[in-house]
*Asks:* 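Provided herewith is a single structure, encoded as structure tokens, for subsequent inquiry.
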Amino acid sequence: MKRDLERLSNERFDLLVIGGGITGACVARDAALRGLSVALVEKNDFACATSAHNSKLIHGGLRYLRNFELGLVRESLRERRIWQRVAPHLVHPLPFLIPLYGAGWKARAQLAAGLTLYDVLSFDRGWLPDTAQRLPGHRWLDRTRALALEPSLDGASFEGAFEYYDAQMPSPERLALEIVKDAAANGAAVANHLPAESLLLRGGRVEGARVSDQFDGERFDVRASIALIAAGPWADLFLAQALGKPASHRLMRSKGIHLLVPAMTGGRALTVAADGGHFFVLPWRGLSLLGTTDAVYTGSPDNVGVTESDIAQFLAFINKHLPSPPLKRDDVRHFYAGLRPLVDDGSGDTYDASRRAELIDHGREDGAAGLFSAIGGKWTTSRDLAEKTVDVIAARLKKSARACTTSTALLPPPLAELSEPDARIRFAIRDEMALTLEDVVMRRSGIGQTGDPGDAALNEMADVMAAELNWSADRKHSDIEAVKRNFRTRPEA
């Protein structure tokens with residue numbers, strides 16, 4: 001897979017997708033599999049923001065039941081099964097425990113009822129040919145049995161725990177990249193580090209976008225019959241700039257941070273109810289991933305990050321609700337922040353805001369024919385959103401596109417591991433469109449996802465990239481500094 005700048009600059013496409021996160025990736029793959037001509041452009045790297053900076057879960061949304069969003073939960077549970085089927089090498093069952101401390105019979109009964117409904121809505125969780133992927137229903141574990149599985153739960157007034165199952169994607173950025181690669185393998189022209197600067201408008205109709213190469217500054221037009229904005233937390237900002245007025249639909253951005261600490265459990269995940277909300281303790285790479293916060297974010301999406309006060313407040317919150325030895329700042333090996341792009345319902349409440357997705361036709365809403373945007377939604381339901389989006393776009397194009405196959409078409413199996421680390425870097429450059437050191441460190445290899453790998457490792461990887469891509473000394477230095485920013489907290493606002 002290589003940046004197909006020649007096709008992008010010379011061909012006219014049925015569909016231009018602006019944004020290479022999971023939504024854009026799924027739309028591009030779906031449309032390409034159906035026989036549409038597709039262009040996909042991403043301003044940075046594929047899945048470099050919201051699509052990577054999450055809890056690494058494919059889940060049904062158990063907590064959405066309290067808002068009676070049964071349709072969203074059912075959709076999510078169905079899509080969970082589909083991800084397990086089409087990407088079994090990247091999505092795995094994960095057992096969760098919900099510990100109860102002095103909750104009483106009423107709270108326990110309510111939770112049991114919710115988990116029973118969750119099981120009913122996931123009636124097809126066993127409809128998988130791979131028996132290892134089939135998920136059992138929930139069960140109650142009394143104090144003795146729960147502590148036998150997870151001794152760390154022992155604390156005052158511990159009653160027991162409910163066990164239920166969801167699924168984990170250990171490498172969401174890798175899963176998204178595989179989707180982009182499959183889109184390209186089926187004819188899509190794709191490029192990262194190619195930001196869309198403006199829309200091409202003529203006579204009230206969008207005909208594509210002006211893009212610029214992040215490295216040499218070259219600008220050219222990508223022309224298409226229909227353009228889709230799939231820019232996550234940047235979507236409404238890009239539309240306002242491109243249309244010269246606020247878009248008809250606005251987003252509410254929710255900031256969530258995650259902390260990586262030494263392993264706190266024996267391999268199961270914890271869902272801990274706390275002060276009207278919840279947090280997760282997730283096993284990941286032999287460590288524990290703690291997530292997540294949920295707060296309105298009003299700054300630029302480009303500037304989101306983790307501050308020392310973010311870490312201090314989240315650690316205090318976790319320590320308050322877990323009986324294990326208190327976590328200290330020195331326990332935090334790595335951290336990251338992501339933004340959830342939520343459909344703004346005017347409430348200002350990000351925790352209880354719906355995770356529903358919307359497809360906006362800006363020809364009807366904003367007088368820009370041929371322009372759509374996909375906003376809101378969640379990782380788990382991105383494939384379904386893509387299917388519905390391509391249904392609408394194919395109908396608008398009046399094309400007899402093939403039926404959607406993304407619910408059954410398997411993603412390519414994992415590649416054999418390369419024996420030499422330097423060879424892995426060259427493969428990432430030549431075949432996976434890695435163009436910056438950050439692409440390699442944080443997403444293709446993932447070596448930076450557990451914390452700073454150190455100056456020696458960064459310099460060694462940068463040397464390989466510099467030789468492969470003919471970097472100057474200044475370029476090598478700037479790329480190393482860009483990677484190091486991932487391991488520093490941000491100044492307080």
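Just the heavy atoms: all of them, side chains too, but no hydrogens, waters or symmetry mates, feed the values below.
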*Asks:* Flag the pair Tyr164 / Leu135 as yes when at least one side-chain heavy-atom distance between them is below 4.5 Å, and no otherwise.
*Replies:*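 No, every pair of side-chain atoms sits at 4.5 Å or beyond.
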*Asks:* Looking at every non-hydrogen atom in both residues, tell me the closest pair between Gly61 and Val73 and how far apart they are.
*Replies:*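 Where Gly61 meets Val73 most closely, the heavy atoms are O-CG2, 3.5 Å.
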*Asks:* Do Asp391 and Arg34 meet the salt-bridge criterion of a basic N to acidic O distance under 4.0 Å?
*Replies:*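 A salt bridge is present here (some side-chain N lies under 4.0 Å from a carboxylate O).
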*Asks:* Side-chain contact, heavy-atom cut-off 4.5 Å: Leu289 with Lys56?
*Replies:*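 Sidechains of Lys56 and Leu289: in contact.
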*Asks:* So, taking the atom named CE in Met1 and the one named CG in Leu177, what distance separates them when rounded to the nearest 0.5 Å?
*Replies:*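 It is 5.0 Å, given to the nearest 0.5 Å.
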*Asks:* I want to check something: taking the side chain as every heavy atom from C-beta on, are Trp379 and Ser55 in contact at a cut-off of under 4.5 Å?
*Replies:*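 A side-chain contact is absent here, since even the closest heavy-atom pair is not under 4.5 Å.
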*Asks:* Would a distance-only check, ignoring hydrogens and angles, find a side-chain to backbone donor-acceptor pair under 3.5 Å from Asp119 to Thr116?
*Replies:*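 The answer is no, because no donor-acceptor pair under 3.5 Å joins these two groups.
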*Asks:* Regarding Arg74 and Asp124, does a basic nitrogen lie under 4.0 Å from an acidic carboxylate oxygen?
*Replies:*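 Looking at Arg74 and Asp124, the cut-off is met.
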*Asks:* Between Arg210 and Glu197, is the salt bridge (Lys or Arg N to Asp or Glu O under 4.0 Å) condition met? List the steps.
*Replies:* CA-CA 6 Å; Arg210 168 65 58 93; Glu197 294 187 335; 5.8 Å; no
*Asks:* Atom OG1 in Thr406, atom CZ in Arg383: separation rounded to 0.5 Å?
*Replies:*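 Output value for this atom pair is 4.0 Å.
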*Asks:* Any salt bridge linking Arg174 with Glu432? Criterion: basic side-chain nitrogen under 4.0 Å from a carboxylate oxygen.
*Replies:*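 Counted as a salt bridge, because a side-chain N and a carboxylate O are separated by less than 4.0 Å.
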*Asks:* Examine distances only and state if a side-chain atom of Ser9 and a backbone atom of Leu5 form a donor-acceptor pair shorter than 3.5 Å.
*Replies:*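 Between the backbone of Leu5 and the side chain of Ser9 there is a qualifying donor-acceptor contact (under 3.5 Å).
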*Asks:* How long is the gap from CE on Met169 to CZ on Arg80, to the nearest 0.5 Å?
*Replies:*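 One gets 13.5 Å once the value is rounded to the nearest 0.5 Å.
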*Asks:* Less than 4.5 Å apart, side chain to side chain, heavy atoms only: is that true for Leu57 and Leu94?
*Replies:*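 They are in contact (side-chain heavy atoms under 4.5 Å apart), so the answer is yes.
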*Asks:* Measure across Val86 and Pro88 and return the closest heavy-atom pair with its distance rounded to 0.1 Å.
*Replies:*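 In terms of heavy atoms, the two residues are closest at C-CD, 3.5 Å.
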*Asks:* Are Val206 and Phe372 packed together at the side-chain level, in the sense that at least one heavy-atom pair is separated by less than 4.5 angstrom?
*Replies:*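 The answer is no, as the side chains (C-beta and beyond) never meet within the 4.5 Å cut-off.
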*Asks:* Can you spot which of Arg444, His53, Gln449 makes a side-chain hydrogen bond (donor to acceptor under 3.5 Å, both in side chains) with Glu173?
*Replies:*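 With Glu173 as partner, Arg444, His53, Gln449 yield a single side-chain hydrogen bond (donor to acceptor under 3.5 Å, both in side chains), made by Gln449.
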*Asks:* Are the side chain of Asn186 and the backbone N or O of Ala32 linked by a donor-acceptor pair below 3.5 Å?
*Replies:*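 Side chain of Asn186 to backbone of Ala32, a donor-acceptor pair under 3.5 Å: no, none is there.
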*Asks:* Between atom CH2 of Trp127 and atom OG of Ser122, what is the distance when rounded to the nearest 0.5 Å?
*Replies:*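 It comes to 11.0 Å.
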*Asks:* Would you confirm whether Thr380, through its side chain, and Ile58, through its main-chain N or O, come within 3.5 Å as a donor-acceptor pair?
*Replies:*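 Not a single qualifying donor-acceptor pair exists.
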*Asks:* Looking at Ile447, I want to see if its CD1 is surrounded by more than 12 non-hydrogen atoms of other residues, nucleotides or ligands under 6.0 Å.
*Replies:*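 At most 12 heavy atoms, drawn from other residues, nucleotides or ligands, come within 6.0 Å of this atom.
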*Asks:* For Thr436, is there any backbone N or O sitting under 3.5 Å from a side-chain donor or acceptor partner on Asp439?
*Replies:*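 Judged by distance alone, yes, a pair lies under 3.5 Å.
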*Asks:* So, the side chain of Asp30 versus the backbone of Val27: is there a donor-acceptor pair under 3.5 Å, distance only?
*Replies:*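 No.
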*Asks:* Yes or no on side chain to side chain donor-acceptor pair (under 3.5 Å) for Asp14 and Ser225, after CA distance, side-chain angles and deciding distance?
*Replies:* CA-CA 5 Å; Asp14 293 324; Ser225 299; 4.9 Å; no
*Asks:* Check whether any side-chain N or O of Arg355 sits under 3.5 Å from a backbone N or O of Leu72 as a donor-acceptor pair, and report yes or no.
*Replies:*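 Looks like no, no N/O pair under 3.5 Å.
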*Asks:* Is Asp166 paired with Arg63 through a side-chain N to carboxylate O contact shorter than 4.0 Å?
*Replies:*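 Looking at Asp166 together with Arg63, the answer is no, because their closest N to O distance does not fall below 4.0 Å.
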*Asks:* Should Val222 and Phe13 count as side-chain neighbours, where that means a heavy-atom distance under 4.5 Å?
*Replies:*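 Yes - at least one pair of side-chain heavy atoms lies under 4.5 Å apart.
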*Asks:* Between Lys245 and Asp366, is there a donor-acceptor pair closer than 3.5 Å when you use the side chain of the first and the backbone of the second?
*Replies:*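 The answer is yes, because a donor-acceptor pair under 3.5 Å joins these two groups.
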*Asks:* Can you tell me how far the NZ atom of Lys378 sits from the CD1 atom of Ile22, to the nearest 0.5 Å?
*Replies:*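 Here the interatomic distance stands at 13.0 Å.
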*Asks:* Would you say that Thr271 contacts His59 through its side chain, given a criterion of any heavy-atom pair below 4.5 Å between the two side chains?
*Replies:*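 A side-chain contact is absent here, since even the closest heavy-atom pair is not under 4.5 Å.
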*Asks:* Would you indicate whether Arg364, at its atom CZ, is surrounded by more than 12 heavy atoms from other residues, nucleotides or ligands within a distance under 6.0 Å?
*Replies:*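 Count not over threshold, so no.
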*Asks:* What distance do Trp234 atom CH2 and Leu339 atom CG have between them, rounded to the nearest 0.5 Å?
*Replies:*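 Atom-to-atom, Trp234:CH2 and Leu339:CG are 7.0 Å apart.
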*Asks:* Taking Leu33's backbone N and O only, do any of them form a donor-acceptor pair with Arg402's side chain (distance below 3.5 Å, no angle check)?
*Replies:*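 Such a contact is found between Arg402 side chain and Leu33 backbone.
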*Asks:* List the steps and the verdict of side-chain contact (heavy atoms from CB on, under 4.5 Å) for Glu178 and Asp182.
*Replies:* CA-CA 6 Å; Glu178 294 300 330; Asp182 202 45; over 6 Å; no
*Asks:* Is any side-chain heavy atom of Leu435 closer than 4.5 Å to one of Gln214?
*Replies:*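 No - every pair of side-chain heavy atoms lies 4.5 Å or more apart.
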*Asks:* On a heavy-atom basis, which atom in Val343 and which in Gly376 lie closest, and how many Å separate them?
*Replies:*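 Scanning both residues completely, I find the closest heavy atoms to be CG2-CA, 4.1 Å.
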*Asks:* Without swapping roles, check the side chain of Gln84 against the backbone of Gln133 for a donor-acceptor pair under 3.5 Å.
*Replies:*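 Judged by distance alone, yes, a pair lies under 3.5 Å.
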*Asks:* Answer yes or no: does atom CZ of Arg250 have more than 12 heavy-atom neighbours from other residues, nucleotides or ligands under 6.0 Å?
*Replies:*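 Check fails, neighbour count at 12 or below.
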*Asks:* In this structure, are over 12 heavy atoms from other groups packed under 6.0 Å from Arg85 atom CZ?
*Replies:*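 Atom CZ in Arg85 is not crowded, with 12 or fewer foreign heavy atoms closer than 6.0 Å.
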*Asks:* Which pairs, with at least one residue in residues 334-344 and sequence neighbours excluded, count as a side chain to side chain donor-acceptor pair (under 3.5 Å)?
*Replies:*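 Side chain to side chain donor-acceptor pair (under 3.5 Å) check on residues 334-344 returns Ser254-Arg340, Thr292-Arg340.
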